[in-house]
Amino acid sequence: MILIDAIYLNSFGGKTILELFIKKILVSNIKYHFILDTRLKSNWLKRIKSNNYTLINASHTDRRYFYLKNINRFSSILCLSNIPPPTYVSIKTYIFFHNILLLNPFNHPVSFKSQIINFIKYFYIKYYNQNGYYWIVQTPYIYKLLRKNLIIDLDQVFIYPIIEEELLLPIVKKIANDFVYVSSGVSSHKNHIRLIKAFIEAANKTDTRISSCILLYTKKTYLKFVFPQNLKIVFHGIFRHYRCCL
């Protein structure tokens, strides 16, 4: 049986990745058990049998307690939220890493408080990492950074993009000067303000119509901008799927 450790995943991109995993594993023949964050709100929870998942608080103590009590039940582990198991394990373990802010924490444009928190998380990951663990990333860029910062061997990191293969998008006609930016906007490192300023600057240099669709958690911060008449920016909020922008 595989343990799928999804603690700390409860919103935005991490939640979407988790729901894709749940969707896939429910139609497979794999024997599994999920550790899920008590903060997670998802309709997919109703589809998992109650004995196939455990809800725990998002804390090192509760997570470690679960491992110490149950680890002998499992033949392998998949950690979905960047962080290795909170105690020594001897079974095959994979960590799916997808948060670039945890690598070189002081090199990202976030608040100093966030940098300190990410720095602590980075050392937590380094402390609990083991030589025999395998790591999964979605892009060559993260692959390079992860190997460099955690000193991981070449054959222990794999690139597997997480996508929803069954999502069939309608065929649409491409329109010149139309753009889509899919991001929650909850952190400054997403560069929404820089992007909007660039659109405004570009629109001021031409009479050509420019259109942009942006997904945001909130748009209040961006209402202060004055947009040229030839620039249309639509703030769509959050959508489960991103077809709205096509």
Side-chain angles (χ1 to χ4, degrees), residues 2 4-25 76-85 92-110 114-115 117-119 121-126 128-169 174 179-195 198 212-217 236 238-246:
I2 182 173
I4 304 177
D5 183 348
I7 193 68
Y8 308 119
L9 298 185
N10 62 88
S11 62
F12 303 117
K15 177 183 176 182
T16 299
I17 289 172
L18 171 58
E19 289 177 335
L20 288 177
F21 266 91
I22 294 174
K23 180 179 179 180
K24 286 291 185 180
I25 205 162
S76 60
I77 301 171
L78 172 61
C79 298
L80 291 181
S81 56
N82 308 291
I83 302 174
K92 183 172 286 189
T93 298
Y94 295 85
I95 301 104
F96 178 56
F97 189 91
H98 47 95
N99 188 348
I100 192 174
L101 296 181
L102 303 182
L103 302 176
N104 289 329
F106 293 107
N107 290 345
H108 301 287
V110 296
S114 295
Q115 289 178 338
I117 293 173
N118 291 334
F119 182 73
K121 290 179 179 179
Y122 168 70
F123 270 92
Y124 181 95
I125 291 172
K126 288 194 69 173
Y128 282 102
N129 184 29
Q130 295 181 32
N131 291 331
Y133 288 165
Y134 296 94
W135 295 77
I136 301 171
V137 298
Q138 296 197 78
T139 68
Y141 180 63
I142 300 295
Y143 171 91
K144 181 179 179 180
L145 288 182
L146 184 69
R147 288 199 58 226
K148 177 181 178 181
N149 286 276
L150 293 183
I151 318 298
I152 302 175
D153 291 340
L154 180 68
D155 60 350
Q156 289 179 259
V157 187
F158 306 93
I159 302 175
Y160 290 117
I162 306 300
I163 58 174
E164 188 171 11
E165 296 177 349
E166 294 83 0
L167 182 60
L168 300 177
L169 299 176
K174 294 183 179 180
F179 305 90
V180 178
Y181 186 53
V182 180
S183 176
S184 64
V186 295
S187 300
S188 58
H189 74 280
K190 300 292 186 177
N191 286 322
H192 284 86
I193 291 180
R194 180 180 296 179
L195 177 65
S212 173
C213 164
I214 299 177
L215 300 183
L216 289 169
Y217 180 70
H236 273 286
I238 295 177
F239 286 76
R240 174 60 183 85
H241 296 298
Y242 303 132
R243 303 183 202 189
C244 61
C245 297
L246 299 173

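Values below: every heavy atom of this structure, side chains too, minus hydrogens, waters and symmetry copies.
- Atom CG of Asn104 and atom CG of Asn149 lie 4.5 Å apart (nearest 0.5 Å).
- With sequence neighbours left out, the side chain to side chain contact (heavy atoms under 4.5 Å, CB included) criterion links Leu195 to Tyr181, Phe199, Ile214.
- Nearest approach of Ile83 to Ile95, heavy atoms of both residues: N-CG2, 3.9 Å.
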Could you walk me through whether Leu150 and Tyr122 pass the side chain to side chain contact (heavy atoms under 4.5 Å, CB included) test, one step at a time? CA-CA 9 Å; Leu150 293 183; Tyr122 168 70; 3.9 Å; yes

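- Put simply, CG on Asn99 and CD1 on Ile125 are 8.0 Å apart, with the number rounded to the nearest 0.5 Å.
- Scored by the side chain to side chain contact (heavy atoms under 4.5 Å, CB included) test, Arg194 finds Asn191 as partners (sequence neighbours excluded).
- Residues passing the ring pair (Phe, Tyr, Trp, His ring centres under 6.0 Å) test with Tyr128, sequence neighbours excluded: His60, Tyr124.
- When the side chain to side chain donor-acceptor pair (under 3.5 Å) test is applied to Ser114, the partners found at least two apart in sequence or on another chain are Ser111.
- Under the side chain to side chain contact (heavy atoms under 4.5 Å, CB included) criterion, Lys144 pairs with no residue, sequence neighbours left out.
- Among residues two or more places apart in sequence or in another chain, the side chain to side chain contact (heavy atoms under 4.5 Å, CB included) test is passed with Thr139 by Tyr141, Ile142.
- In this view, Asn82 satisfies the side chain to side chain donor-acceptor pair (under 3.5 Å) rule with no residue, not counting sequence neighbours.
- Summarising the local packing, CG of Asp155 is surrounded by more than 12 heavy atoms from other residues, nucleotides or ligands at distances under 6.0 Å.
- Of all non-hydrogen atoms in Cys79 and Pro85, the two that sit nearest each other are SG-CD, 3.8 Å.
- Distance alone, capped at 3.5 Å, is enough to place a donor-acceptor pair between the Ser81 side chain and the Ile7 backbone.
- Annotation for Arg147 and Val157: closest pair CG-CG2, 3.7 Å, computed over non-hydrogen atoms.
- Summarising the geometry, atom CD1 belonging to Ile4 is positioned 8.5 Å from atom CD1 belonging to Ile22; distances are rounded to the nearest 0.5 Å.
- Listed here is the closest heavy atom pair of Ala6 and Leu80: CB-CD1, 4.2 Å.
- Side-chain atoms of Tyr143 and Leu154, non-hydrogen and from C-beta on, do get closer than 4.5 Å to each other.
- In this structure, CG in Leu146 is found 10.5 Å from CD in Gln156, a value given to the nearest 0.5 Å.
- Distance CD1/Ile152 to CG/Asn131: 10.0 Å, rounded to 0.5 Å.
- In this structure, CG in Leu103 is found 6.0 Å from CG in Leu145, a value given to the nearest 0.5 Å.
- Looking at residues two or more places apart in sequence or on another chain, you find a side chain to side chain donor-acceptor pair (under 3.5 Å) between Gln130 and Tyr133.
- Among residues two or more places apart in sequence or in another chain, the ring pair (Phe, Tyr, Trp, His ring centres under 6.0 Å) test is passed with Phe97 by none.
- Partners of Phe106 under the ring pair (Phe, Tyr, Trp, His ring centres under 6.0 Å) rule, at least two apart in sequence or in another chain, are Phe119.
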